[in-house]
Protein chains: 2
Amino acid sequence: MRTDTVYKKAFNRVASMLRDGQLTGELPSENELRRKMGVSRTTVRKVLGELVHRELIAERSGVRTTGRAVEDSDYYPDAETTSRAKHVEQQFMEWMLRGDTRPGTSINELELARQFGVATNGIREFLIRFSRFGLLEKRPNTGWLFKGFTEDFALELFEIRVMFELRSAHLFSRQPDMSPLWEKLAALKVAHTELLKQIESRFHDFSSLDNRFHRLINEASPNRFIDDFYDIISFVFHYHYQWNKHDEKQRNQAAILEHLAYIDALESRDSERLERACRAHLASARETLMRSLIVFDGMDTNA
Amino acid sequence: MRTDTVYKKAFNRVASMLRDGQLTGELPSENELRRKMGVSRTTVRKVLGELVHRELIAERSGVRTTGRAVEDSDYYPDAETTSRAKHVEQQFMEWMLRGDTRPGTSINELELARQFGVATNGIREFLIRFSRFGLLEKRPNTGWLFKGFTEDFALELFEIRVMFELRSAHLFSRQPDMSPLWEKLAALKVAHTELLKQIESRFHDFSSLDNRFHRLINEASPNRFIDDFYDIISFVFHYHYQWNKHDEKQRNQAAILEHLAYIDALESRDSERLERACRAHLASARETLMRSLIVFDGMDTNA
DNA sequence: ACCATGAACTTTATCCATAAAAAACAACTT
DNA sequence: AAGTTGTTTTTTATGGATAAAGTTCATGGT
């Protein structure tokens with residue numbers, strides 16, 4: 001049966017809004033809520049129905065008003081708010097990055113399905129989607145070959161990344177002066193400086209800043225294939241560093257400084273300087289990944 | 001039910017081998033056949049069983065020998081030798097390239113499933129696989145957005161292609177002299193010259209030559225992401241030109257000449273000359289695609 | 001005429017079932 | 001002992017069913 005995670009997530013969001021006072025007195029119409037939450041009206045109605053049932057809101061002659069206070073126990077547990085597909089993704093990444101899965105292992109849909117507690121179909125869909133990341137290969141009628149999160153993988157990934165990033169950085173720097181992207185870049189620069197000041201407590205926030213920065217650079221000259229490739233990078237980094245937090249603060253601090261140099265180089269419109277800053281940053285990102293790969297390989301995974 | 005296309009295709013192949021005299025007298029063992037055909041022994045046995053049943057081979061005390069002559073009617077029809085997944089691919093490509101499907105159309109799994117006569121599962125798997133080509137986008141819980149085989153698509157595709165090809169070509173030309181790839185290149189050069197001589201009758205054969213050539217260039221410095229991207233290009237060209245044969249002979253003739261210049265440039269190891277030849281070829285390939293896109297857009301599709 | 005709610009209908013996400021194909025095991029032969 | 005064939009078990013490819021979510025149609029109020 002299809003999960004009702006969309007409903008539960010929406011319910012939790014409305015509950016939070018009620019609790020935070022973002023919704024007070026008379027509630028907005030179903031359509032307005034629908035837009036706000038990004039779900040269908042059907043789902044909104046289901047949420048409202050449950051809220052009435054639990055007396056979190058009251059309904060009198062077609063008018064809905066807030067009801068009793070929201071309690072912690074009103075929320076659905078987080079695990080129930082993500083779809084099966086997302087669960088599969090998470091479990092697979094954990095299996096891949098944490099387990100002692102060696103390159104060359106063959107992957108068995110049925111076995112993973114049993115292990116993850118889902119139907120084989122879901123596994124297969126995930127593997128198909130995931131195969132564009134270059135870590136898997138399908139052998140028809142037979143199964144999947146896991147190629148491993150290896151040094152080669154990282155090197156090949158970064159070779160492309162450098163090509164794309166240099167191209168995008170140069171195009172960015174050649175934008176007209178009145179392009180709105182320059183302002184966005186300036187704003188990002190400020191955000192970097194802020195973060196650097198508070199690095200002790202906020203170093204976790206770097207990851208999203210990093211993402212915004214690299215995506216901004218691509219905005220000047222969109223290319224869907226480059227965007228797609230950046231999705232791969234984000235994905236890889238997201239999961240990889242989620243399980244490998246070694247030295248995180250230091251790493252991020254260094255990266256911020258590199259970004260700042262890179263931003264200055266962009267603003268200078270000096271092509272050679274830009275190339276140097278860009279390469280320097282990517283080389284260091286690559287080193288970091290490679291080093292952590294080695295740590296990772298040797299890590300005791302049965303902890 | 002799963003199709004038995006693997007069996008039928010294997011059966012047809014063995015039948016052809018019997019007819020062509022590649023198999024005469026005493027037949028090889030099941031294991032040997034298995035290796036030759038690239039299927040499991042289970043399938044080989046099923047084929048052999050049917051061959052015996054039809055008296056195309058005879059089996060006496062464990063020894064199999066050839067039987068009566070193979071007739072045209074012994075073969076399974078071609079349509080029955082390709083899997084559902086492949087059929088879906090073909091039908092979808094036809095729907096996309098031939099139909100009047102406009103960019104921005106939304107795609108409905110259920111409708112396609114009905115139209116193609118398969119279960120929704122197969123459609124979904126295909127769409128997931130296909131989405132890496134940048135022509136589709138999934139909107140969760142809602143459906144798929146068809147972005148169209150547009151001019152933008154072609155331009156973005158070629159931008160990447162140029163980057164990758166220049167990179168690979170330069171690396172190829174810098175290989176050591178004793179690399180075996182130089183010989184392969186020389187062989188390809190001969191094949192090009194041959195084809196050029198017989199262009200009147202054999203111009204269809206260019207496509208596979210083109211493929212071999214560009215893949216060879218990537219071989220000198222493998223990168224899985226570049227290989228994957230080249231899969232996209234092959235796929236797009238395969239289907240696109242399958243339905244758009246306008247001017248094929250002339251196009252291919254011109255391309256052969258460009259390839260020859262390109263090959264000479266590789267052999268010269270002259271970096272600037274190489275860059276010129278490579279760019280010239282890709283620019284002309286792009287022009288061809290773009291021109292055919294326009295023809296295509298204006299074509300009456302209800303013929 | 002527009003916007004709200006209610007109800008019916010359509011499509012997606014997900015599980016389950018099963019024939020075909022592959023893989024593993026067993027018994028035999030030279 | 002290595003290679004054959006026969007048999008059983010496992011896995012993949014494909015169809016089908018259904019609750020949840022999305023979309024469209026209908027009705028009623030301003």
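By convention in this document, chain letters (A, B, ...) are assigned in the order of the sequence lines, proteins followed by strands, and residues within each chain are numbered from 1. Since the structure is predicted, the reported quantities are computational estimates derived from the model, not experimental observations.
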(message) Could you check whether A/Arg68 pairs with A/Glu55 (Lys NZ or Arg NE/NH1/NH2 to Asp/Glu carboxylate O, under 4.0 Å)?
(response) no

(message) Just N and O in the side chain of B/Asn108: are any of them under 4.0 Å from OP1 or OP2 of D/dT23?
(response) no

(message) Distance check needed: C/dA20 P versus B/Lys9 NZ, whole Å only.
(response) 18 Å

(request) Keeping to residues at least two apart or across chains, list the ring pair (Phe, Tyr, Trp, His ring centres under 6.0 Å) pairs with something in residues 3-32 of chain A. (result) A/Tyr7-A/Tyr76, A/Phe11-A/Tyr76

(message) From the set C/dA4, C/dA13, D/dT11, return the single nucleotide nearest to any side-chain atom of B/Glu109.
(response) C/dA13

(request) Measure the distance from CG on B/Leu145 to P on C/dT12 and round it to the nearest whole Å. (result) 13 Å

(message) Would the distance check show the side chain of A/Thr43 and the main-chain N or O of A/Val39 forming a donor-acceptor pair, the cut-off being under 3.5 Å?
(response) no

(message) Whole angstroms only, please: what is the CZ-C1' distance between A/Phe11 and D/dA20?
(response) 17 Å

Please tabulate, for the side chains in residues 25-33 of chain B, all donor-acceptor contacts under 3.5 angstrom to protein atoms that are two or more places apart in sequence or on a different chain.
| unit_1 | atom_1 | unit_2 | atom_2 | d |
| --- | --- | --- | --- | --- |
| B/Ser29 | OG | B/Asn31 | N | 3.4 |
| B/Ser29 | OG | B/Glu32 | N | 3.2 |
| B/Glu30 | OE1 | B/Arg41 | NH1 | 2.7 |
| B/Glu30 | OE1 | B/Arg45 | NE | 3.3 |
| B/Glu30 | OE2 | B/Arg45 | NE | 3.3 |
| B/Asn31 | OD1 | B/Arg34 | NE | 3.4 |

(message) Rounding to an integer number of Å, can you tell me how far B/Arg45 CZ sits from C/dA26 C1'?
(response) 13 Å

(message) Tell me whether the count of non-hydrogen atoms from other residues, nucleotides or ligands lying under 6.0 Å of CZ in B/Arg139 goes above 12.
(response) yes

(request) Return the value, rounded to whole Å, for the distance between atom CG of A/Leu27 and atom P of C/dT5. (result) 10 Å

(request) Evaluate salt bridge (Lys or Arg N to Asp or Glu O under 4.0 Å) for B/Arg54 paired with B/Glu50, printing each intermediate quantity in order. (result) CA-CA 6 Å; B/Arg54 297 201 202 173; B/Glu50 181 65 17; 2.8 Å; yes

(message) With a 4.0 Å cut-off on N to O distance, would you call A/Lys9 and A/Asp78 a salt bridge?
(response) no

(request) Within residues 73-84 of chain A, find the residues that approach DNA chain C with a heavy atom at under 4.0 Å, and present them sorted by residue number. (result) A/Ser83, A/Arg84

(message) Run the salt bridge (Lys or Arg N to Asp or Glu O under 4.0 Å) test against A/Arg215 and tell me which residues pass, sequence neighbours left out.
(response) A/Asp231

(message) List the residues meeting ring pair (Phe, Tyr, Trp, His ring centres under 6.0 Å) with B/Tyr230, not counting sequence neighbours, and say none if there are none.
(response) B/His214

(message) Restricting to salt bridge (Lys or Arg N to Asp or Glu O under 4.0 Å), what partner residues turn up for A/Lys147, sequence neighbours left out?
(response) A/Glu137

Between N or O atoms, less than 3.5 Å apart, protein on one side and nucleotides 21-24 of chain C on the other: list the pairs.
| unit_1 | atom_1 | unit_2 | atom_2 | d |
| --- | --- | --- | --- | --- |
| C/dA21 | OP1 | B/Asp4 | O | 3.4 |
| C/dA21 | OP1 | B/Thr5 | N | 3.4 |
| C/dA21 | OP1 | B/Val6 | N | 3.0 |
| C/dA21 | OP1 | B/Tyr7 | N | 3.2 |
| C/dA21 | OP2 | B/Lys46 | NZ | 3.3 |
| C/dA22 | OP2 | B/Ser40 | N | 2.9 |
| C/dA22 | OP2 | B/Ser40 | OG | 2.8 |
| C/dA22 | OP2 | B/Thr43 | OG1 | 2.8 |
| C/dA22 | N7 | B/Thr42 | OG1 | 2.9 |
| C/dA23 | N6 | B/Thr42 | OG1 | 3.1 |

(message) For a quick test of reading the model: is some side-chain N or O of B/Lys138 closer than 4.0 Å to OP1 or OP2 of C/dA13?
(response) yes

(message) Can you list, in residue-number order, the parts of residues 110-117 of chain A that come under 4.0 Å of DNA chain D, counting heavy atoms only?
(response) A/Leu110, A/Arg114

(request) Find the distance B/His87:NE2 to D/dG15:P and express it as a whole number of Å. (result) 11 Å

(message) Taking the nucleotide of DNA chain D with the nearest heavy atom to each, does B/Ala85 or A/Met1 sit closer to the 5' end?
(response) B/Ala85

(message) So, using ring pair (Phe, Tyr, Trp, His ring centres under 6.0 Å) as the criterion, who are the partners of A/Tyr241 when residues are at least two apart?
(response) A/Phe237

(request) Using heavy atoms and a sub-4.0 Å distance, could you list which residues of residues 118-126 of chain A are near DNA chain D? By number, please. (result) A/Asn121, A/Arg124

(request) Not counting sequence neighbours, list each pair that qualifies as a salt bridge (charged side-chain N to carboxylate O under 4.0 Å, His left out) and has a residue in residues 103-112 of chain B. (result) B/Glu109-B/Arg124

(message) Give me each pair satisfying ring pair (Phe, Tyr, Trp, His ring centres under 6.0 Å) with a member in residues 96-127 of chain A, each pair once, sequence neighbours excluded.
(response) A/Phe92-A/Phe126, A/Phe126-A/Phe130

(request) For the residue pair A/Val47 and A/Arg13, establish whether any side-chain heavy-atom pair is separated by less than 4.5 Å. (result) no

(message) Tell me whether the side-chain N/O atoms of B/Arg64 come closer than 4.0 Å to OP1 or OP2 in D/dT5.
(response) yes

(request) Let me know the distance between CG of A/Leu33 and P of C/dC3, rounded to the nearest Å. (result) 17 Å

(request) Check the distance between C/dA27's P and B/Glu30's CD and give it to me in whole angstrom. (result) 18 Å

